Chemist: 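Submitted below is the structure of interest, expressed as C-alpha cells.
The structure displayed is predicted, hence computed values, not measured ones. These numbers come from the heavy atoms of this one structure, side chains and all, not from hydrogens, waters or symmetry mates. Every chain is numbered from 1 and lettered A, B, ... according to where its sequence line falls, protein lines coming before strand lines.
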Amino acid sequence: MSAAARSAARSAWTVRSVPAWMRGARAFFARGGAIWGAALTAAVLLVVAIGPFVAHYSPIDFVGAPFESPSLDMPLGADIMGRDVLSRVLSGGTVILSLSALATVLGVALGGLLGISAGYLKGAADDLIMRTLDVLLAFPQTILALLFVSVLGSSFLLIALLVAAIHAPQVARVIRAAALRVAGEDFVEYAKGIGIPPLKIMVREIVPNVIGPLLVEGGLRFTYSIALIAGLSFLGLAQDPPAANWGLMLNENRIGLTQNPWAVVVPVALIAILTVGVNLLTDAYGSWAVQGNRPGAPQPADIKAAEILDGPL
Amino acid sequence: MTAPDPDTPGNAVSRRSVLAGAAGLGLALSGLGAAADTPAPPKPRRGGNLRVAVLGGGSADTLDANLNQTQPDTARVHSLFQPLRQLRHGGKFENLLAESMESNADGTVWTIRLRPGVTFHDGKPLHAEDVAFTLRRVTNPKAPLFGAPELGPMDRDSFKILDARTLQVGMHTPFAVFDQAVADSINLGIVPVGYDPKRPVGTGPFKFESFVPGRESVFSRYEGYWNEPPYLDKLTVIDSFSSDTAAYNALQGGQIDVFAAAPLTIARVMRPGGPIKTHVSEATQWTPFVMRVDRPPFDNPDVRQAFRLIVDRPQIIKIALNGFGVPGNDVFSLFDGAPQAFVRHRDIDQAKALLRKAGHENLNVELTTADIANGVVQSAQIFARQARDAGVTVNVRQVTPDVYFGEQFLTWPFAQDFWTFNSYLTQIALCLLPSSPYNETHWRDPAYGALYRKALSTLDATQRGEIVRQLQTIDFEQGAYIIPSHNQIVDLLAQNVNGVAPGTFMALGDYEYSKIWLA
Amino acid sequence: MAILILRRLALGFLTIFMVSVLVFAATEVLPGDAARAVLGRGANATTLAALRRQLHLDAPVPVRYERWLGDLLTGHLGVSLVNGEPVAALIGPRIVNSAVLLGLTGLIGIPLSIAVGILAALKRDQRLDRVLSIVTLVLAGVPEFVVGIGLIVVFATVVVQWLPPVSMVAPGTSVLSKPQILVLPVATLVLVIFPYVFRMTRVTMIDVLDSDYMEMASLKGLPRSRLVLVHALPNAVSPTIQVVALTFAYLAGGTVMIEYLFGYAGLGQGLMDAIEVRDIPMIQAIVLLLASVYVILNVAADVASILVTPRLRRGRSWQAA
C-alpha cells in the first residue's frame, strides 16, 4: 500500500477530524523529497540569516596572504585578495537570496498583472500582450540576461528587473489561463453587466481567484531565480566586488584552486545545496499538486516540455 | 650531461622537462652543499615572436621616447630607445650610449663622449647633436617632458658640440650627479634630431613596425644594432586586455608568452615545472602613504612619526604584496647614503605617546586610495586596521585611478602613491623640493633644500654620501612619507621564454629584450 | 496536419524576425550613448563623431534597422569594434568549436540518457531506478556551472589532476588537436542534459509499457525481449525526437556558462568577451545566432510532436506486430 493510501486509511479511522491543511501538509511531507528539500533549504537559509552576525572578520577586510591555507584564525583560509573565506561565505548568500526574492516578487507581480489583463481583456489586447511576451520567451534565459546586462550594465535593481522581465512571460501565460477560466464565470459576467469598471472587476473578482496559481508560480520562479542569479553572479555581472557573493567567489578564486580550494569548494557546495533543496521542494509540490489536483499542478502534456524549457538557465 | 640540441623541434617537450628536472635537481644538490654537476645552460635560439601583455593601455598610448606615461608605453619605448647610461643590479651605473661622462672640477661643465659605431634605425650614426637635441627637447620650458626635473641644473643653452662624438654641457649650478640623472631609460632615451614620435627612430635593439593605441604594437629586430643583435625576430606588445584574468587566461591558452607586471595575488598559484613560470624583480618599487605637511594634523612632526610607528610592515608585505617585498623604513633610498642605518619597527606605545604629546589622541583622518598599483588598496585597509590599535580612526575612501590622478592629484591630505626606483638625489628633485613637479607632501624645508644643493655640488662620492646620509636622517626623523615596503614586480612567463635578466628594477628584466629568446 | 506544421514554421520565422528587432533595439537604440559606451575613456569629440558615423547613429531608427537587417541577410555581419576584423571571420571558428562541443555532448549524452532511461523504466521501482531517481533529482537542481566546477575540483585540480582545468588552445589551433580539453566540458554538459532526457525517456517508456497495446502484445504471449525491442521501443523513441530538439535548444543557451567556465573558444565565450568590451556588432551577431538556433530547434520540437502524436494514437490499436 502506498504511503498516501496508508495515511488516507489512517485518517479515515480517526475520531477527531484533522483539518484539511494538515492532511495536505502531511501528504506533502510524506514524500521523502519534500523532507530533504525542506531540510537542505532551511540549512542554507540559516547560514544566510545568521552568517553575517557570527563572522569573525568583515567580508571585505584583508586579513591574510592571498590563498593562505586554513588556520585556527581563518578556518577556511584566505581568498585571492587575502580576505577570510569563512566570513565571506557567511555573508555570500545574502545578495543571491535577496535578489532572487525581489526578482521573483517583481516578476510574479508583473507577469500576474499582464496575465490578468490579457485574460480579462481578451481579443486584440490579449494578443498584443502575449505576442510581445512571446518574443522574450524566444530567447534562452542566459542569452536574454546577457543581452540586457551588456547594454544596461548591472546593479542590484537592474538585475532584479531583468530577471523579473525574464520570468514575466511564463507567469503571464499561467495566470492568463487561470484568469480566462475565471473571466468566463457567471459572477464576472454579472459584474460586467451591471457596469462595474474593468479595473475593479479585475482586482475584486479575478485576483483573489488566481492567487493560488500566482503563489505556486512564485515558488517555481524563485527556484529558477536562484539558479539564474547565481549564474549571473558567477559571470561577474550581478554586482560589483568587493561584496561577498557565492557565485562571484567561485569565479574570482578559481585560479587558486590548487592553493586554497576552500574558497571555491564551500561556496559551490552551498549553491548546490540550496538549489537542490529548493528544487526538491518544488518537485514535491508538483507531484503533490497533481495528486490532489491543486493549483499549479503541471498538466501531463506540458510537464515534459515545460521541464525542459523552464529548466534552470 | 650535455644539453640536447635545442633546435630540433621534436626534442622540445622532452628537453623542457629534462631542464626542469635538472634545474630542480641542481638547485636541490647545491642547497645541500654537495658538488652538483649541473648541465651547461642551453644555447639561445634565434627567432620567434615574443608576445608580451601589459595592462594599463588605452587610446592615449604613445611611442614618444620622452613622454611615456603607462606601463605599456614603458614596455614599448625600451625596445626602441636607449639612454646615455643605465642603472643596474645593486645600484651600479653603467655606460650605455655614452662611452664616458666627465665633469670639470666643480661640476659645472660635463663632457659626454659617445660610444662609436651606434646607428639609428634609419642608418644614421649617433651624433652629439642628437644628444643635445634630446636633452633640449626634454627641457623645453614651454613644454617640459617628464625627465626635465631630473636634469635640474642643466643649462639647455650651453651645449657645445666638440666633435661628432663629443659634446659639452654646462650647468647653472654645480651638478655632481648629472651622470646619474641621465641614467633614466624610461624618460631619457636618446632620439635623433628631427624626431617624429609617429614614426619613431631610435638606437635600440628593435625597430618600429606598427602601432595601434590600446591594442598592440609590433617591433622587429634591428640588424644594425651596435651591441649583440637580439635573438628574437619580432616583439609584440599587447595592451588590449581589459583585466588581469583575461591576460592570465591568454597566457595559459598560449595566446601570449609573457604577462608582464602581473598581479601579486596570483603570483604563487603556478605549479613548479608547469606551463607558466614566474620571474621576480628586485624589491625597488615603493607605494608610500603620503601626508601633507602644510595642514593639520600632519604639520606636526610628532603626528607624522606616530603614524610611521603604527605600521606593522611585515604584515602589509604578507597580505597586500603576497610576500613580494622587503620592509621599508620610510627612507626611499636603497643604494645611496646609508640606507641600512635606518630601521623602524612598530611601536604602538610610542605612537600613542607622541599623539598624546601632540594633543591628537583619538585622531580621525580620511585616507584616499585608488587601485594604482599592486597592493595599494589592500595596504590602505590594513593600515586602517593597524591604526585602531593606537586609537586612530582612519576612514578609507577609494576613488578610481582617473579621479585619483585627476584634478585633485597632489592635493590629497592623506593618500597613497606609487614610485618606481630613482636614485636618491633624482628622487628628491622629483618630489621633495618646492620646485618639484610631484611634491605631494608639500614639503618646503629650506635647510633640506640647502643640504640637497650642497650634495649636488659635492663631486667626491664619499663626501656626497655623508651629506646624503644627513638628508636621509631628516627623511627618517621628520619626513612625510610612510614607506612600509619596497615591492617586487612579478612577470609570468611561458616555460619556453628564457633570457630574462635577473635582479632588475622594472618588469621583464628592465625590458632587456635583446637577451630574451624562445626555446 | 500539414497546415499545423506550416503555421508553426511561419510563427518561427516571425519569431526570429521579432528577435532581430529586439536585439537591434537593445543594442543600438536603448543605452544612452552607444558611441560613448564603446569608447569609454577614449571618448573625445573627434573619436565620438567618427564612431557615430561608423555606426550610422545619425540616421533615423527604422532606416538603421533596415540597413542592419539588410547587411545581415547578405552576410555582412559588421566589423568588430575591438580589432576591426569582420565579425563573420571571427565567428566562423567559434561556431565550429561550439558545434563540436554540443555535437559531442549530443552524441554521447543523448544515447546514454535514453539507454539509462529505458533501463530504469524496465526496472521500475527497483533499487537501480530509485538510485537514479535521486541522482537525477540532484542533477536537475544544480546549476550547470556548479556541475562544471565540481568536475574541475575532482578531476583537474584538488582531488586528482588527470585533466586540464581550462580548455584553451592557441589561436588558430583546432580544439580537436588536444582532445583532453574536451573531456570536462562535454562531461559537464552531458550531466546537465541527463536528467531531462532520462526522465522523458523513462516516463514515455513507462507509458508505452503500460499501454493497452503492450498489454495486448504481451497477452499474445510474445517473449519479453521481443516485446521490449520490437513493440515498446519504437513507440517510446518517437517522442524522444522532440526531447532531443528541446535539449539542443536548451544547450544553445547553456553553452555560454560552460564555455566561460572552461575558457573554451566557442560562441559563448565570444559573447562574454564581446560584452566585456562592448563590442556591439559581435554581441548582435552572436545573440542573434544563438537565439535563432533556439527558435529553430523549438520549432523543430513542435513539428516533431505534431508528427508524432497521431502515430502514437494509431499505435495503440495496432493489431499486427
Side-chain angles (χ1 to χ4, degrees), chain A residues 32-33 36-37 131-132 134-144 146-153 223 226-228 230-231 234-237 247 250-251 254 257-258 261 264-265 267-269 271-280 282-283 300-301 303-305 307-309 311-313, chain C residues 15-16 18-19 21-23 26-27 30-31 34 37 134 137-138 140-147 149-150 152-153 156-158 161 165 195-196 199-200 203-204 239 242-243 246-247 249-250 252-254 256-257 260-261 268 271-272 274-275 278 280 283 286-287 290-291 294-295 298 301 305:
Chain A
W36 272 109
R131 293 297 142 251
T132 317
D134 275 349
V135 180
L136 287 182
L137 274 180
F139 285 83
Q141 280 187 337
T142 321
I143 307 288
L144 190 59
L146 287 175
L147 178 65
F148 281 107
V149 164
S150 75
V151 151
L152 295 169
T223 312
I226 295 180
L228 184 55
F234 170 70
L235 292 176
L237 300 172
L250 291 188
N251 200 4
R254 277 194 287 156
L257 263 174
T258 42
V264 169
V265 167
V268 83
I271 294 180
I273 295 175
L274 178 62
T275 47
V276 169
V278 193
N279 258 274
L280 286 176
T282 48
D283 256 14
I303 199 174
K304 304 152 193 191
E307 263 186 8
I308 296 193
L309 277 178
L313 305 169
Chain C
T15 311
I16 294 186
M18 293 304 300
V19 163
V21 171
L22 185 61
V23 170
T27 52
L30 272 187
I134 298 177
L137 224 40
V138 170
V142 293
E144 52 189 15
F145 65 96
V146 169
V147 176
I149 290 188
I152 291 180
V153 167
T157 44
V158 181
Q161 275 141 28
Y196 303 110
R199 260 192 223 169
M200 269 295 286
V203 165
T204 315
Q242 182 189 12
V243 177
L246 285 174
T247 305
Y250 166 68
V256 175
M257 204 66 81
Y260 178 76
L261 173 63
L271 180 59
M272 289 307 299
I275 289 178
R278 303 199 145 205
I280 293 190
I283 296 177
I286 298 182
V287 170
L290 288 175
Y294 186 71
V295 170
N298 272 306
S305 83

Chemist: In terms of heavy-atom proximity below 4.5 Å to chain A, should C/V256 be classed as side chain, backbone, both, or neither?
Modeler: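 Side chain only.
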Chemist: Would you mind checking which part of C/L271 comes under 4.5 Å of any heavy atom in chain A, side chain (CB onward), backbone (N, CA, C, O), both or neither?
Modeler: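 Looking at C/L271, just its side chain touches chain A.
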Chemist: Looking only at heavy atoms, what is the nearest atom pair of C/R199 and A/D283, with distance?
Modeler: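 Reported closest heavy-atom pair: NH2-OD2, 3.7 Å.
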Chemist: Give, as side chain, backbone, both or neither, the part of C/V21 having an atom under 4.5 angstrom from any heavy atom of chain A.
Modeler: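 For C/V21, neither part sits under 4.5 Å from chain A.
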Chemist: Looking only at heavy atoms, which two atoms of A/A138 and C/V295 are closest? And how far apart?
Modeler: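 Of all heavy-atom pairs spanning A/A138 and C/V295, the closest is O-CG2, 3.7 Å.
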Chemist: Give me the atom names and distance for the closest heavy-atom approach of A/T275 to C/G141.
Modeler: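 Of all heavy-atom pairs spanning A/T275 and C/G141, the closest is CB-O, 3.3 Å.
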Chemist: To the nearest 0.5 Å, what is the distance between OH on C/Y294 and CD on A/Q141?
Modeler: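 Nearest 0.5 Å value for the OH-CD distance: 7.5 Å.
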Chemist: Under 4.5 Å heavy-atom distance to chain C, tell me which part of A/R131 shows up: side chain, backbone, both or neither.
Modeler: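 For A/R131, there is no contact with chain C at all, as no heavy atom is under 4.5 Å.
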Chemist: Tell me, for A/V278 versus chain C, whether the close heavy atoms (under 4.5 Å) come from the side chain, the backbone, both or neither.
Modeler: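 Neither part, no heavy atoms under 4.5 Å.
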Chemist: C/G253 and A/I143: which non-hydrogen atoms are nearest, and at how many Å?
Modeler: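 Scanning both residues completely, I find the closest heavy atoms to be CA-CG1, 4.1 Å.
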Chemist: Counting heavy-atom pairs under 4.5 Å with chain A, which one of C/I286, C/V19, C/V138, C/L137 comes out on top?
Modeler: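 Answer, by heavy-atom pair count under 4.5 Å with chain A: C/V19.
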Chemist: Heavy-atom pairs under 4.5 Å with chain C are the metric here; pick the option from A/V149, A/D134, A/N251, A/T223 that has the most.
Modeler: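 Winner by heavy-atom pair count: A/N251.
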Chemist: Rounded to the nearest 0.5 Å, what separation is found between the CD1 atom of C/I134 and the CH2 atom of A/W36?
Modeler: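 Taking CD1 in C/I134 and CH2 in A/W36, the distance rounds to 9.0 Å.
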Chemist: Looking at residues at least two apart in the chain, or sitting in another chain, which of them share a side-chain contact (heavy atoms from CB on, under 4.5 Å) with C/V153?
Modeler: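 side-chain contact (heavy atoms from CB on, under 4.5 Å) check on C/V153 returns A/L257, A/V265, C/I149, C/V158.
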Chemist: Over all heavy atoms of both residues, which pair between C/A140 and A/N279 is shortest? Give the atoms and the distance, please.
Modeler: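 Closest approach of C/A140 to A/N279, heavy atoms only: O-OD1, 4.3 Å.
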Chemist: With rounding to the nearest 0.5 angstrom, report the CG to CG distance, C/L22 to A/L144.
Modeler: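 Atom-to-atom, C/L22:CG and A/L144:CG are 7.0 Å apart.
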Chemist: Output all residues satisfying side-chain contact (heavy atoms from CB on, under 4.5 Å) with A/T258, sequence neighbours left out; order by chain, then residue number.
Modeler: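 C/T157, C/Q161.
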Chemist: Looking at OG1 of A/T142 and CG of C/L290, how far apart are the two atoms once the value is rounded to the nearest 0.5 Å?
Modeler: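 If we round to the nearest 0.5 Å, A/T142:OG1 and C/L290:CG are 10.0 Å apart.
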Chemist: Calculate, to the nearest 0.5 Å, the distance between atoms CG and CD1 belonging to A/L146 and C/I283 respectively.
Modeler: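 Here the interatomic distance stands at 9.0 Å.
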Chemist: Does C/M18 form a side-chain contact (heavy atoms from CB on, under 4.5 Å) with A/T132? I'd like the steps, not just the answer.
Modeler: CA-CA 9 Å; C/M18 293 304 300; A/T132 317; over 6 Å; no
Chemist: Decide yes or no for C/V146 and A/F234: does some side-chain heavy atom of the first lie under 4.5 Å from some side-chain heavy atom of the second?
Modeler: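 The answer is no, as the side chains (C-beta and beyond) never meet within the 4.5 Å cut-off.
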Chemist: Using the rule given for side-chain contact (heavy atoms from CB on, under 4.5 Å), can you reason through A/F139 versus C/V23, listing the C-alpha separation, both sets of side-chain angles and the distance that settles it, and then say yes or no?
Modeler: CA-CA 10 Å; A/F139 285 83; C/V23 170; 3.9 Å; yes
Chemist: Does any backbone or side-chain atom of C/I16 lie under 4.5 Å from a heavy atom of chain A? Answer side chain, backbone, both or neither.
Modeler: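 Looking at C/I16, nothing touches chain A.
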Chemist: Find the one option among A/L235, A/V276, A/L147 whose heavy-atom pairs under 4.5 Å with chain C are most numerous.
Modeler: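 Among A/L235, A/V276, A/L147, the one with the most close pairs to chain C is A/L235.
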Chemist: Going from CD1 on A/I271 to CZ on C/F145, what distance comes out if it is rounded to the nearest 0.5 angstrom?
Modeler: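 Rounded to the nearest 0.5 Å, the CD1-CZ separation comes to 4.5 Å.
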